[in-house]
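The structure displayed is predicted, hence computed values, not measured ones. Start at 1 and go down the list; that is how both ligands and their atoms are numbered.
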Amino acid sequence: MSLADQWRRVRARLQAELGEATFNSWFKQVELNGVADGRVMLAVPTRFIRNWIVSHYADRLAKLWADEDADFCRVDVLVSAEVRPEENAAPAADSAPAEEAAPAPSPAAARPDTLANAVPHGFEDAGVGAPLDPRFTFEAFVVGKSNELAHAAARRVAEATDVTFNPLFLYGGVGLGKTHLMHAIAWEIRKRHPERKVLYLSAEKFMYQFVRALRFKDTMAFKQQFRSVDVLMIDDVQFISGKDSTQEEFFHTFNALIDHNRQVIISADRSPSDLEGIEERIRSRLGWGLAADIHPTDYELRLGILQAKAEEMMLRNGPVAIPPGVLEFLAHRIVSNVRELEGALKRVVAYASLVGRPITPEMTQEVLRDLLRSNDRKITIEEIQRRVAEYYNVRLADMLSARRARAVARPRQVAMYLSKQLTTRSLPEIGRKFGGRDHTTVIHAVRKIDELRQADSGIEEDVDLLRRMLEGGHGPN
Ligand code: ADP
Ligand code: MG
């Protein structure tokens, strides 16, 4: 794919998105000047057009070019013509739609000559790293039981002047803060030791760079680039599995850095020994330093994170009235991961502000209906049978057996009742799971327990306890 073709495609996409008139007003005279070091250079005739493009289309342009090639990490717009008196004239008003031509860009909108500020920047120097998220700092990271080890290790690595654990291997499920911690380390090192060269990138990007270097027979430069860093962080290393030559290169890079006492930090969604598709010697070497895992969050941590995020949101956007109970409700119900938890809070706040309604627990439930449903644990009939048998101290087999003795028949009815209440199974399906009983037996059980709940507070309590245990997913084991 030649550069000219890519440029043609970017233009075509812009034209399709903006419409003929707008496109002609601003982009018709834009020329591609060339590409160097991942910088796409565009030239326009006047400073005015340059400023307009920069302030209105920066993100879009950067994105379109990045879509062509992930290596195009910035777009610069240059003014090709010498400064001429008419430079501040707007493009012909008749070709520009009114709303576009009307306000001249304010001085504040006229950003520097480059679009680079549209593309968040990480390690400008190397050009191979990925951008750092400014929100992912240690200050913004809430520590709880599930992540305290990973957090402490990350802090140590960020603050230490000598290399303590090498590599530091952070692992845990998706959305639990691995990337956040890595960025926090990078920010901290930049602050404390600006002279140290820190490189953060995803394993995928690492592979991409390497494959590209192979294709362009430029592996020396590739090696140089990586081996000259003081701290190398590779995120989501599980994605490196499989590709033999990349693994090999990764391993060499990794060894070279460790041998030279440079800090390496790796993250993955599972422990080193569980990484499938990665050679044994690499796996074992990955585990040589400190492997710190991040466990799923508990209720307290989730609540703490929500409080911190709510506070941060208010600092940025002004006060929001979040009534008591709402954060607790979210912490209780959104258990999947922190990313979803954060997303849920944002959605509720955004919804309230958009439709101008106060946040209430009811509204929260309404707005998050789908998310809540997917976070609801799926309770199975087997689980219900097991719990009920345990609770009444009968054998699990008796749930399925034909025995009619009250001591086993009643618990069996309770289990059928709960299966009807807590699962979406049909009556015949439930019957089948209880030793192939008829659906009328299930109907009978449901009626019976309903009756008993009215009449017998003991049964009422049993059913309630069991239900809560099953719904909360936290029982004695
Ligand atoms: P991972 O890389 O493990 O998939 P991320 O680091 O991307 O997860 O975290 C997902 C989101 O949750 C991010 O917005 C991050 O800031 C937030 N997050 C995760 N853990 C915490 C925490 N302990 N305190 C504050 N925010 C957190
Ligand atoms: Mg991540």
Test your reading of the structure: does Gly177 have an N or O sitting under 3.5 Å from an N or O of ligand 1? yes

Compute the shortest N/O to N/O distance between Val174 and ligand 1 and return yes if it is under 3.5 Å, no if not. no

Closer than 4.0 angstrom, basic N to acidic O: yes or no for [X] and [Y]?
| X | Y | answer |
| --- | --- | --- |
| Arg270 | Glu276 | yes |
| Arg39 | Asp37 | no |
| Asp269 | Lys178 | no |

Measure the shortest side-chain to side-chain distance between Ile294 and Tyr171 over non-hydrogen atoms and say whether it is less than 4.5 angstrom. no

For the residue pair Phe210 and Phe206, categorise the inter-ring angle as parallel (less than 30°), tilted (30 to 60°) or perpendicular (more than 60°). parallel

Can you label the angle between the Phe136 ring and the His180 ring as parallel, tilted or perpendicular, going by 30° and 60°? parallel

Decide whether [X] and [Y] meet the rule of one side-chain donor and one side-chain acceptor closer than 3.5 Å.
| X | Y | value |
| --- | --- | --- |
| Arg156 | Thr164 | no |
| Ser419 | Lys433 | no |
| Asp235 | Ser267 | yes |

So if I count the atoms of ligand 1 from 1 in the order they appear, which ones are less than 4.0 Å from some heavy atom of [X]?
| X | result |
| --- | --- |
| Ala140 | 24 (N), 25 (C) |
| Asn147 | 23 (N) |
| Val142 | 22 (C), 23 (N), 24 (N), 25 (C) |

Considering only protein heavy atoms, which is closest to [atom], and at what distance to one decimal place?
| atom | result |
| --- | --- |
| atom 13 (C) of ligand 1 | Glu342 OE1, 3.4 Å |
| atom 21 (C) of ligand 1 | Phe141 CE1, 3.8 Å |
| atom 7 (O) of ligand 1 | Arg339 NH2, 2.8 Å |
| atom 26 (N) of ligand 1 | Lys309 NZ, 3.1 Å |
| atom 27 (C) of ligand 1 | Val338 CG1, 3.5 Å |
| atom 4 (O) of ligand 1 | Gly175 N, 2.7 Å |
| atom 15 (C) of ligand 1 | His180 ND1, 3.3 Å |

Quick one: is the NZ or CZ of Arg285 closer than 6.0 Å to the six-membered ring centre of Phe251, and within 45° of its axis? no

Whether Thr179 has an N, O or S atom under 2.8 Å from the Mg ion (ligand 2): yes

Heavy atom under 4.0 Å from ligand 1: found in Thr179's side chain, backbone, both, or neither? both

Using heavy atoms and a threshold below 4.0 Å, how should the contact between Arg135 and ligand 1 be classified: side chain, backbone, both, or neither? neither

